[in-house]
S.K.: 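The structure under discussion is supplied below as structure tokens; questions concerning it will follow.
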Amino acid sequence: MIWLEFDLDTLAIKKYLWFGGDPGLALPDLGARVSRHSKANSKGQKLERPMHRVVGKGRFEPLREINFLVDRMFG
């Protein structure tokens with residue numbers, strides 16, 4: 001997974017964040033925390049999204065430049 005941080009004024013990318021394994025390997029374990037819908041249903045309940053997981057920003061590896069991202073993705 002790739003998370004981009006960008007400058008709000010210029011829209012220039014400031015940082016690349018990477019979550020993944022080595023090229024050709026499966027993703028690391030996503031954890032057990034299930035995400036919820038952002039909007040409530042008619043009963044006011046925000047139901048779980050069973051096929052989605054919450055992955056905290058701290059689990060992502062910060063990368064300064066796109067060439068480091070390309071290396072992490074393709075080796």
Side-chain angles (χ1 to χ4, degrees):
M1 288 187 272
I2 302 167
W3 183 339
L4 302 176
E5 286 187 2
F6 61 94
D7 184 287
L8 290 173
D9 296 323
T10 65
L11 299 181
I13 297 172
K14 294 192 308 186
K15 189 189 304 184
Y16 302 89
L17 298 153
W18 166 260
F19 178 82
D22 290 330
L25 298 180
L27 279 173
D29 182 45
L30 298 175
R33 186 170 167 212
V34 177
S35 67
R36 294 184 171 274
H37 286 276
S38 59
K39 291 170 43 176
N41 64 13
S42 61
K43 297 177 184 178
Q45 302 167 323
K46 293 184 178 180
L47 300 176
E48 288 187 343
R49 301 176 80 176
M51 299 301 290
H52 295 224
R53 296 293 179 263
V54 176
V55 180
K57 186 176 181 180
R59 295 191 59 200
F60 284 74
E61 175 187 350
L63 304 170
R64 291 177 297 162
E65 299 175 7
I66 195 165
N67 56 324
F68 294 116
L69 176 61
V70 170
D71 188 50
R72 292 295 285 137
M73 291 174 63
F74 303 110

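Note that the structure is a prediction, hence the values are computed from the model and not measured.
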S.K.: Could you go through L47 and R36, starting from their C-alpha distance and side-chain angles, then the distance that decides it, and tell me whether this counts as side-chain contact (heavy atoms from CB on, under 4.5 Å)?
M.R.: CA-CA 5 Å; L47 300 176; R36 294 184 171 274; 5.5 Å; no

S.K.: Quick one: side-chain hydrogen bond (donor to acceptor under 3.5 Å, both in side chains) partners of E48, sequence neighbours excluded?
M.R.: none

S.K.: Is there a continuous path of hydrophobic side-chain contacts, each under 4.5 Å between heavy atoms, that joins M1 to L69?
M.R.: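 In one cluster with M1: L69, no.
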
S.K.: With rounding to the nearest 0.5 Å, note down the distance linking CG in L17 to CG in L63.
M.R.: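 Reported to 0.5 Å precision, the distance equals 7.5 Å.
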
S.K.: Can you name the closest pair of heavy atoms from G31 and R59 and give their distance?
M.R.: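 Reported closest heavy-atom pair: N-NH1, 4.1 Å.
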
S.K.: Where do R72 and D22 land on the side-chain contact (heavy atoms from CB on, under 4.5 Å) test, with the steps shown first?
M.R.: CA-CA 7 Å; R72 292 295 285 137; D22 290 330; 3.6 Å; yes

S.K.: Not counting sequence neighbours, which residues clear side-chain hydrogen bond (donor to acceptor under 3.5 Å, both in side chains) with D9? List them please.
M.R.: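 Expected list: none.
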
S.K.: Return the minimal non-hydrogen interatomic distance between G21 and P28, and the atom names on each side.
M.R.: N-CD, 3.7 Å

S.K.: With the 4.5 Å side-chain cut-off for hydrophobic clustering, are I2 and I66 part of the same group?
M.R.: yes

S.K.: If two hydrophobic side chains count as joined below 4.5 Å and joins carry through other members, does L4 share a cluster with L11?
M.R.: no

S.K.: Among residues two or more places apart or on two chains, list those pairs meeting ring pair (Phe, Tyr, Trp, His ring centres under 6.0 Å) that have a residue in residues 53-73.
M.R.: W3-F60, F19-F60

S.K.: How far does CZ of R53 sit from CG of D29, to the nearest 0.5 angstrom?
M.R.: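 So the gap between those two atoms works out to 9.0 Å.
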
S.K.: With distance as the sole test, does R33 use its side chain to make a donor-acceptor pair with the main-chain N or O of V54 at under 3.5 Å?
M.R.: no

